[in-house]
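Each ligand, and each atom within it, is numbered from 1 in the order the structure gives.
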Amino acid sequence: MSADSGALPLRTVDPADAEAVAAWSRVPQVAFMRPAPEDAGRAALESVERMAGHRLSGVVDAGRWVATYRSFDSELTLPGTGPVSVNAVSTVTVLPTHRRRGLLRRLIGEDLRRARESGHALAVLIAAEAPIYGRFGFGAATASAGLVLDAGAVRFRADAPGGSGRLELVEPALAWRELSAVHDAARRARPGGLLREDVWWRQWTRPGARGALGPQAHVVLHRDGDGRADGYAAYEVSEEWAGRVSRCSARVLDLQALSPGAYRDLWGFVTSLDWVRTVHAADRPVDEVLPLLLEDPRAVQRGAVDDFLWVRPLDAAGALAARRYLGCGSLVLRVLDEDGPAAATVRLHVDAQRCGQDGWTCAEVTATSQEPDVVLGAAELGALLLGGVSAVALAAAGRVAGSPAAVQQLQSLLATPRAPWCPTWF
Ligand SMILES: CC(C)(COP(=O)(O)OP(=O)(O)OC[C@H]1O[C@@H](n2cnc3c(N)ncnc32)[C@H](O)[C@@H]1OP(=O)(O)O)[C@@H](O)C(=O)NCCC(=O)NCCS
């Protein structure tokens, strides 16, 4: 073990080289406390398939990988606009023998510099532990909720939409293109949505234990009156009996719907499965509509609400200009980003005259030497950009500075009708 990790050079890995990828992948196995794969050769080939075109780097000490880092180009849906290209960060691991010697700092610093130079305005990641990434300018921008449903108490209100389509149990490996098309439309319609590439779907739906969906999973597809897929639910059922009394539960692994009818029908389906008394769902949006459709909204209990997608502006003006706004007004923002690329003072101007027919307006964002109305860090701007975090709350926490009127105006400008949601692990 080297005493001076600072002297250890950063290395890159060819993501197409299965042997090199297998050696590199031993670090995340240790750091994420995962068992070594039973078939290391096949696992390496699957990694190569999944990580084609990704940027793999890390640190080697005495001929052995001791740190890993991966980034790739993805797409994130911003408020009021379509997806924008983002630098997605993953597989950040350092062996326990080499932790807290600055390896992560060096790897992430190098990658974020490169991402900024290549024109990305934003980077995103999912944080294993919340205290790690604020110091690197990332803020938690989406939250997800766990739900527990009392299936026996789920009764839909008479005015709930639904019932016009049809449901079909499908073979996931055969139906993945239809599932992917539904998800793709859904992720474009809500801030926080992330691209799932074809390889994601192929690996998710691969039959048996090799598929990320798992061998117990079922997938039900919803078709509209014209036969077009407009929703799906993936779920699995766990069998448990107390004597002859069922205690079986279902777990919703993913549920996406493009219409209120499909949404209601799919939840109706998973809560009316024979034997199933309780339905669990993880990583759901915090503004889930389901309770509002029920005669007894308490049939849906919300469990823990956790941060999910963390966003980091790499270019403050570019990030603010990439989304659109519902309100109008003008504010000077100073973004603080010590040693980072997002430090800037910009005027955010949203002019009602430029409002589109859909009610959203593009902002003019220009560098200025004016005194700021609001001062905030890069991590706070990252948290605010998708509209899921309140600027007023961050100001109350001492993390955004400005007069109450200016902070409130910032909050009105950034707010979005639907909570940002990202259910895609990467
Ligand atoms: C998290 C991990 C990648 C950190 O790597 P590292 O090389 O030890 O990090 P660094 O030495 O570069 O630390 C940089 C800074 O982050 C802080 N930090 C690192 N990990 C932290 C953690 N888990 N909690 C709080 N702070 C952390 C360090 O204290 C240091 O702070 P400082 O600059 O104020 O002194 C590593 O500990 C690890 O692999 N953990 C297990 C897997 C994991 O959680 N990976 C993250 C996946 S998102």
(message) For V27, state whether at least one heavy atom is located under 4.0 Å from any atom of ligand 1.
(response) no
(request) Take atom CD of E288 as the centre, draw a 6.0 Å sphere, and report whether it contains more than 12 heavy atoms from other residues, nucleotides or ligands. (result) yes
(message) Heavy-atom count check: over 12 atoms from other residues, nucleotides or ligands less than 6.0 Å from R223 CZ?
(response) yes
(message) Using a 3.5 Å cut-off on N or O atoms only, is R135 in polar contact with ligand 1?
(response) yes
(message) Test your reading of the structure: does R101 have an N or O sitting under 3.5 Å from an N or O of ligand 1?
(response) yes
(request) Answer yes if the ring centres of W425 and F308 are under 6.0 angstrom apart, and no otherwise. (result) yes
(message) Polar contacts were defined as any N/O atom of the residue lying under 3.5 Å from an N/O atom of the ligand; does this apply to A127 and ligand 1?
(response) no
(request) Over 60° means perpendicular and under 30° means parallel, so classify the ring planes of F72 and H54, tilted if in between. (result) parallel
(request) State whether the number of non-hydrogen atoms from other residues, nucleotides or ligands found under 6.0 Å of R188 atom CZ is greater than 12. (result) yes
(request) Provide the number and element of each atom of ligand 1 under 4.0 Å from a heavy atom of T93. (result) 39 (O)
(request) Can you sort out which atoms of ligand 1 are near I126, meaning under 4.0 Å from one of its heavy atoms? (result) 48 (S)
(message) Under 4.0 Å and counting heavy atoms only, is there anything from the protein next to atom 39 (O) of ligand 1?
(response) yes
(request) Return yes if a side-chain donor-acceptor contact under 3.5 Å exists between N87 and R114, otherwise no. (result) yes
(request) Return the residue, atom name and 0.1 Å-rounded distance of the protein heavy atom closest to atom 48 (S) of ligand 1. (result) Y133 OH, 3.1 Å
(request) Write out the residue and atom name of the closest protein heavy atom to atom 6 (P) of ligand 1, then the distance separating them to 0.1 Å. (result) R100 N, 3.7 Å
(request) May I ask you to check if ligand 1 and F136 share an N or O to N or O distance below 3.5 Å? (result) no
(request) Specify whether the nearest protein heavy atom to atom 13 (O) of ligand 1 is under 4.0 angstrom away. (result) no
(message) Are Q216 and Y235 packed together at the side-chain level, in the sense that at least one heavy-atom pair is separated by less than 4.5 angstrom?
(response) no
(message) Testing the basics here: between A141 and G382, what is the closest heavy-atom pair and its distance to 0.1 Å?
(response) CB-O, 3.5 Å
(message) Contact between D373 and V407 at the side-chain level, heavy atoms closer than 4.5 Å - yes or no?
(response) no
(message) Which residue and atom name correspond to the protein heavy atom nearest atom 33 (O) of ligand 1, and how close is it?
(response) R105 NH2, 2.6 Å
(message) I'd like to check which ligand 1 atoms, numbered from 1 as shown, lie under 4.0 Å from a non-hydrogen atom of A128.
(response) 44 (O), 46 (C), 47 (C), 48 (S)
(request) For atom 24 (N) of ligand 1, find the nearest protein heavy atom and state the residue, atom name and distance (0.1 Å precision). (result) I132 CG1, 4.0 Å
(request) Write out the residue and atom name of the closest protein heavy atom to atom 11 (O) of ligand 1, then the distance separating them to 0.1 Å. (result) G102 N, 2.7 Å
(message) Just to confirm my output: which protein heavy-atom neighbour is closest to atom 25 (C) of ligand 1, and how far is it?
(response) P131 CB, 3.8 Å
(message) Taking distance alone, with N or O pairs closer than 3.5 Å, would you say V92 contacts ligand 1?
(response) yes
(message) Among all the protein's non-hydrogen atoms, which is closest to atom 41 (C) of ligand 1, and how far away is it?
(response) A31 O, 3.8 Å
(request) Look at R187 together with E75 and state whether they make a salt bridge at an N to O cut-off of under 4.0 Å. (result) yes
(message) Using the side-chain contact (heavy atoms from CB on, under 4.5 Å) definition, which of the options L414, L76, T416 pairs with L386?
(response) L76
(request) Just jot down the ring pair (Phe, Tyr, Trp, His ring centres under 6.0 Å) partners of H120, sequence neighbours excluded, or say none. (result) none
(message) Evaluate E129 for polar contact with ligand 1, using N/O atom pairs at a separation under 3.5 Å.
(response) yes
(request) Look at atom 35 (O) of ligand 1 and say whether a protein heavy atom is found at less than 4.0 angstrom from it. (result) no
(message) Quick test: of every protein heavy atom, which one is nearest to atom 43 (C) of ligand 1, and how far off is it to 0.1 Å?
(response) F32 CE2, 3.8 Å
(request) Check each heavy atom of L95 against ligand 1 and say whether those closer than 4.0 Å belong to the side chain, the backbone, both or neither. (result) neither
(request) State, yes or no, whether a side-chain contact exists between R101 and V94 at a heavy-atom distance under 4.5 Å. (result) no
(request) Give yes if a backbone or side-chain nitrogen or oxygen of L104 is under 3.5 Å from a nitrogen or oxygen of ligand 1, and no if not. (result) yes
(request) Considering the heavy atoms of R99, write down every atom of ligand 1 situated less than 4.0 Å from one of them. (result) 8 (O)
(request) Determine whether V400 and V375 make a side-chain contact, defined as any pair of heavy atoms from C-beta on separated by less than 4.5 Å. (result) no
